[in-house]
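Given the structure is predicted, the values throughout are model-derived calculations rather than measurements.
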Amino acid sequence: MHDNTFWTNTIWYILLGISTIIELILAMIKAKNRRKLTIAFYLTITGIALAFETMVLFFLKAYVYYPMILKNPPRPFDDVLAGNLFSQFSVGASALLVVVFHLRFYWFIIIGLIYGLIEELFLSLGIYRHNWYETWMTVMGIPLFFWVVKKMYVKAIQGIEPVFYYGYIFLALYTCNVFTLVWGLFMLSRLQDFNTTLILDPEVSRLYGALGHFFLLSGSVMLIHFLRLKGIWKALVIISLYIIYYIGCKLNIVLVKEGRFVLVSTISICWTYLSVLIIDNFYSCVAKDKHVSRKVLK
């Protein structure tokens with residue numbers, strides 16, 4: 001890897017990241033009294049984008065990113081994931097901007113075309129590669145995604161039914177846990193990894209471990225929080241999490257750096273618990289606001 005990769009590869013992803021930040025700032029300014037909801041909703045819709053990306057990137061091998069951001073990553077695929085995050089956080093920010101500004105459907109198409117142009121630019125620069133994927137899929141998929149997100153935003157403002165409310169929280173946790181905590185904090189710092197030999201594809205094997213980690217922690221913590229478990233019941237669930245975590249380490253499903261088990265497991269549980277508390281608070285603040293309009297967005 002040469003130093004000039006910053007100017008040939010990385011700079012374009014950084015520019016994409018800057019545009020994402022600008023979109024988020026504009027959305028927050030426009031949101032005014034709904035900023036907590038806006039933050040939580042952004043985590044949810046980015047969770048949708050990342051979940052879709054998990055399927056097409058890991059399982060279907062649709063494309064490959066070459067951001068050259070991580071100079072000495074623990075695994076070569078980590079740099080691909082870094083490019084993936086720039087892409088999906090950008091799509092989430094654009095979707096948020098669309099719904100907060102109440103943009104009409106023709107804007108969905110325009111923004112879809114813009115993303116298609118960006119994709120073609122990245123392809124021509126050699127910083128992104130299609131395997132079987134085609135740019136027209138992005139151009140058509142973006143408006144559909146925006147349409148779904150707009151419907152979700154209306155429900156978020158009017159009041160989300162309990163079954164969907166838990167889904168909103170769960171998707172937001174996907175953003176906070178799998179890519180931010182597990183990959184961004186633990187795997188890049190080499191504190192924690194997952195078994196690569198469960199199946200033939202080592203990256204998919206690692207993903208299964210990360211998803212198991214996510215479902216176990218998020219499901220258990222949401223159970224504690226929404227069932228309002230107290231005392232002995234709450235303690236039993238938390239102790240069970242430590243035990244299962246420990247068994248996973250002994251079976252070499254979860255690979256924790258020696259001497260760091262207590263640190264890693266405690267951070268995982270506390271991070272997830274805090275995430276649930278904050279996201280739930282940010283969503284529920286809408287229900288507590290007597291001045292929230294019930295008018296359906298057009």
Side-chain angles (χ1 to χ4, degrees), residues 1 9 13 43-70 72-92 119 122-123 127-134 137-138 141 145 167 170-220 241 244-257 261 264-265 268 271-272:
M1 187 181 299
N9 295 60
Y13 284 89
L43 293 174
T44 295
I45 60 178
T46 303
I48 295 173
L50 289 171
F52 173 79
E53 185 82 348
T54 298
M55 179 178 69
V56 298
L57 182 64
F58 281 88
F59 294 105
L60 301 180
K61 314 296 184 185
Y63 34 67
V64 182
Y65 299 95
Y66 300 109
M68 303 299 185
I69 293 171
L70 304 175
N72 295 294
R75 297 151 298 271
F77 195 73
D78 287 330
D79 197 57
V80 176
L81 284 178
N84 156 57
L85 293 185
F86 274 88
S87 174
Q88 302 313 308
F89 276 96
S90 174
V91 170
E119 192 161 323
F122 278 34
L123 287 168
I127 61 176
Y128 173 67
R129 188 191 79 222
H130 286 160
N131 289 331
W132 55 263
Y133 193 82
E134 299 288 344
M137 298 177 183
T138 296
F145 178 57
F170 194 74
L171 287 167
L173 288 176
Y174 192 77
T175 303
C176 295
N177 189 304
V178 176
F179 288 92
T180 308
L181 172 67
V182 174
W183 180 76
L185 179 60
F186 288 156
M187 294 177 72
L188 289 184
S189 65
R190 295 177 169 85
L191 283 173
Q192 177 178 280
D193 203 344
F194 298 94
N195 192 300
T196 60
T197 60
L198 296 176
I199 59 174
L200 291 177
D201 188 324
E203 294 303 334
V204 175
S205 177
R206 182 178 280 116
L207 175 65
Y208 280 141
L211 291 177
H213 180 279
F214 167 67
F215 282 109
L216 174 65
L217 282 177
S218 298
S220 300
L241 283 175
I244 295 171
Y245 217 126
Y246 185 75
I247 292 172
C249 290
K250 287 300 181 182
L251 294 174
N252 289 322
I253 297 173
V254 185
L255 311 174
V256 177
K257 187 175 181 179
F261 171 77
V264 169
S265 57
S268 296
W271 180 299
T272 306

For F86, enumerate each residue passing the ring-ring contact (aromatic ring centres under 6.0 Å, His included) test, keeping only those at least two apart in sequence or located in another chain.
none

Here the gap from H130 atom NE2 to W132 atom CH2, rounded to the nearest 0.5 Å, amounts to 9.5 Å

If you round to the nearest 0.5 Å, how far is CG of L43 from CG of L50?
10.0 Å

Among residues at least two apart in sequence or on other chains, which ones pass side chain to side chain donor-acceptor pair (under 3.5 Å) with T175?
none

For F261, ring-ring contact (aromatic ring centres under 6.0 Å, His included) partners two or more places apart
Y245, Y246

Test of understanding: with side-chain contact (heavy atoms from CB on, under 4.5 Å), list the residues that count as partners of L171, not counting sequence neighbours.
T44, I48

Measuring from D78:CG to W183:CH2, what's the distance to the nearest 0.5 Å?
6.0 Å

Among residues at least two apart in sequence or on other chains, which ones pass side chain to side chain donor-acceptor pair (under 3.5 Å) with N177?
T272

Rounded to the nearest 0.5 Å, how far does CD1 of I253 lie from CG of D193?
13.5 Å

More than 12 heavy atoms from other groups under 6.0 Å of CG on L251:
yes

Those residues that, when tested against E119, pass salt bridge (charged side-chain N to carboxylate O under 4.0 Å, His left out) (two or more places apart):
none

Mind checking what makes side-chain contact (heavy atoms from CB on, under 4.5 Å) contact with V64, not counting sequence neighbours?
Y66, V80, R129, N131

Taking the six-membered ring for Trp and the full ring for Phe, Tyr or His, determine whether the centres of F215 and F170 are under 6.0 Å apart.
yes

Between N9 and I127 (side chain of the first, backbone of the second, donor and acceptor by atom type, cut-off under 3.5 Å), is there such a pair?
no

If I compare all heavy atoms of V182 with all of V178, which pair ends up nearest, and what's the gap?
CB-O, 3.4 Å

Go through the structure and list residues passing ring-ring contact (aromatic ring centres under 6.0 Å, His included) with F89, not counting sequence neighbours.
none

State, with a plain yes or no, whether a side-chain heavy atom of L70 is found less than 4.5 Å away from one of L188.
yes

Residues passing the side-chain contact (heavy atoms from CB on, under 4.5 Å) test with A51, sequence neighbours excluded, are Y174

Hits for side chain to side chain donor-acceptor pair (under 3.5 Å) against D201, two or more places apart or cross-chain, chain-then-number order -> K61

Give me the atom names and distance for the closest heavy-atom approach of M187 to P74.
O-CG, 3.5 Å

Step-by-step side-chain contact (heavy atoms from CB on, under 4.5 Å) determination, T197 to S205:
CA-CA 6 Å; T197 60; S205 177; 5.6 Å; no

How far apart are the C-alpha atoms of F186 and F194, what are their side-chain angles, what is the distance that settles it, and do they pass the ring-ring contact (aromatic ring centres under 6.0 Å, His included) test?
CA-CA 11 Å; F186 288 156; F194 298 94; 9.2 Å; no

Kindly determine whether I45 and V91 satisfy side-chain contact (heavy atoms from CB on, under 4.5 Å), including the steps that lead there.
CA-CA 9 Å; I45 60 178; V91 170; over 6 Å; no

Once you round to the nearest 0.5 Å, how far does CG of D79 lie from OH of Y13?
8.5 Å

Listed partners of E53 passing side chain to side chain donor-acceptor pair (under 3.5 Å), at least two apart
Y63, Y65, Q88

Pair F179-T46, side-chain contact (heavy atoms from CB on, under 4.5 Å): steps then yes or no
CA-CA 11 Å; F179 288 92; T46 303; over 6 Å; no

Could I get the full list of side-chain contact (heavy atoms from CB on, under 4.5 Å) partners for T180, not counting sequence neighbours?
W271

Out of curiosity, E203 CD to L57 CG, how far, rounded to the nearest 0.5 Å?
9.5 Å

Might you confirm whether atom CZ of F59 has over 12 heavy atoms from other residues, nucleotides or ligands at distances under 6.0 Å?
yes

Could you check whether F77 and F58 have their ring centres less than 6.0 Å apart?
yes

